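Please read all numbers here as calculations on a predicted model, not as lab measurements. Within every chain, numbering begins at 1; the chains are lettered A, B, ... in the order of the sequence lines, protein sequences first and strands thereafter.
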Protein chains: 2
Amino acid sequence: MDSRFTQLINKLREQGHRMTPQRAAILKAFTENPSHPTVEQVYEQVRREFPMTSLATVYKTVAMLKEQGEIIEISLGAGSSRYDAARLEPHAHLICTGCSRIVDVDDSQLAVAPEYLAEKYGFNLHSQRVDYYGLCPSCQAAGQSQNQP
Amino acid sequence: MDSRFTQLINKLREQGHRMTPQRAAILKAFTENPSHPTVEQVYEQVRREFPMTSLATVYKTVAMLKEQGEIIEISLGAGSSRYDAARLEPHAHLICTGCSRIVDVDDSQLAVAPEYLAEKYGFNLHSQRVDYYGLCPSCQAAGQSQNQP
DNA sequence: TTTCTATTGAGAATTATTATCCTTTACACA
DNA sequence: TGTGTAAAGGATAATAATTCTCAATAGAAA
Ligand SMILES: [Mn+2]
Ligand SMILES: [Mn+2]
Ligand SMILES: [Zn+2]
Ligand SMILES: [Zn+2]
């Protein structure tokens with residue numbers, strides 16, 4: 001069974017997207033980083049292998065992945081957006097308001113059934129987001145002051 | 001029983017915050033608008049009564065309310081943040097990816113129990129956010145193109 | 001190879017939010 | 001009812017994230 005990275009490459013190729021070394025490196029960086037990196041962080045990582053890469057290219061790749069539904073954007077109030085292209089299935093996040101660490105929640109039965117909501121409010125749902133905000137263990141230990149979400 | 005607006009005014013007064021006409025108008029606009037307005041929208045509304053009001057003042061008020069935990073910020077990927085100071089108790093949102101309308105979900109049993117997560121991952125939770133993304137009835141009718149969250 | 005056009009890189013432009021800094025004013029108290 | 005003082009306001013500059021622009025480059029189909 002192919003890795004998420006390989007599957008994604010194949011899918012994009014099939015859809016007629018060209019595969020450049022920069023794009024492949026960006027896709028690899030996103031799909032193989034489980035820590036919900038920012039665009040800037042992926043840019044820094046890709047630059048180590050391809051120093052000529054532009055930040056704009058990373059942004060363009062993210063836009064393309066969003067169109068394809070192949071990346072989840074986690075926009076917090078302050079600072080830059082975080083992304084998860086490693087795990088696409090719906091999952092909740094634990095977000096530390098001290099250090100901004102984002103941890104995947106693996107086995108949660110995610111919130112109420114969307115079908116029920118679709119009917120009650122007439123919405124046609126396609127995705128969801130569940131965040132829990134709090135302090136991670138190390139920030140608790142450090143007695144960090146917390147900036148509410 | 002006092003309105004949310006009156007209660008908030010009283011709480012802030014007790015905490016030593018001064019109550020200016022602009023501030024009161026901003027608080028009224030936020031607490032009595034259930035449509036999750038942006039800062040800009042509240043600014044426009046307040047300006048109708050107090051034309052001299054500055055946008056910066058609205059931002060400062062929002063910052064103060066965040067510190068007090070008296071406003072919920074809903075930061076979406078694009079555009080400006082949306083706010084809910086009308087309802088503070090935890091509740092989920094239906095967010096239309098066609099027109100950005102945000103609707104409160106009233107009677108949902110919100111997601112999994114935070115206590116369970118706190119134990120499993122060592123997080124000390126203080127708030128949560130549950131969003132459902134989809135198309136609202138009118139955007140479905142209009143066959144709107146949707147920009148994934 | 002040649003051709004065609006998607007993609008890239010560099011930097012400008014845009015947008016939302018925050019910071020600055022001087023003025024105004026709420027309000028505790030005389 | 002005045003006064004002092006620090007909080008709050010107004011105007012605008014600064015910052016930060018993201019998007020746009022456009023000429024140059026390079027996948028990939030023929
Ligand atoms: Mn995740
Ligand atoms: Mn709400
Ligand atoms: Zn932390
Ligand atoms: Zn809509």
Original post:
Any side-chain donor paired with an acceptor under 3.5 Å for A:Thr53 and A:Gln22?
Top reply: no

**OP:** Select from B:Arg47 and B:Arg23 the residue whose nearest nucleotide in DNA chain D is closer to the 5' end of that strand.
**Re:** B:Arg23

Subject >> Separation of D:dA8 P from B:Ile26 CD1 (nearest whole Å) >> reply: 12 Å

Original post:
When the nearest nucleotide of DNA chain C is assigned to A:Gly16 and to B:Ser81 on a heavy-atom basis, which residue is associated with the more 5' position?
Top reply: A:Gly16

Subject >> A:Tyr59 vs D:dT18: side-chain N/O to OP1/OP2 distance below 4.0 Å >> reply: yes

**OP:** Using atom CD of A:Glu73 as one end and atom C1' of D:dA17 as the other, report the distance to the nearest whole Å.
**Re:** 11 Å

Original post:
How many Å lie between CE on A:Met52 and P on C:dA10, as a whole number?
Top reply: 9 Å

Original post:
Just by protein heavy atoms under 4.0 Å, how would nucleotides 20-30 of chain D read 5' to 3' in B, S and -?
Top reply: BB----BBS--

Original post:
Do A:Arg87 side-chain atoms and A:Asp104 backbone N/O form a donor-acceptor pair below 3.5 Å?
Top reply: no

Subject >> Length of the line joining B:Leu65:CG and C:dT17:P, which is rounded to integer Å >> reply: 15 Å

Original post:
Closer than 4.0 Å, any side-chain N/O of A:Ser54 to the OP1 or OP2 of C:dA10?
Top reply: no

**OP:** Output yes when a side-chain donor or acceptor of A:Arg82 lies under 3.5 Å from a complementary backbone atom of A:His36, and no otherwise.
**Re:** yes

**OP:** Please report, rounded to the nearest Å, how far the P atom of C:dT20 is from the CG atom of B:Leu55.
**Re:** 18 Å

Original post:
What integer distance in Å separates B:Glu40:CD from C:dT17:P?
Top reply: 9 Å

**OP:** Name the orientation class of the two ring planes belonging to B:Phe30 and B:Tyr83 (parallel below 30°, tilted from 30 to 60°, perpendicular beyond 60°).
**Re:** perpendicular

Subject >> side-chain contact (heavy atoms from CB on, under 4.5 Å) evaluation trace for A:Leu55 with A:Glu40 >> reply: CA-CA 7 Å; A:Leu55 182 58; A:Glu40 189 74 31; 3.9 Å; yes

Subject >> Interatomic distance, A:Lys66 NZ vs D:dT18 P [rounded to whole Å] >> reply: 8 Å

Original post:
Salt-bridged, A:Glu70 to A:Arg4, with N to O below 4.0 Å?
Top reply: yes

Original post:
Quick one: B:Glu67 CD to D:dA7 C1', roughly how many Å, whole number?
Top reply: 14 Å

Subject >> Atom pair CD1/CD1 of A:Ile74 and A:Ile102 - distance to nearest 0.5 Å >> reply: 4.5 Å

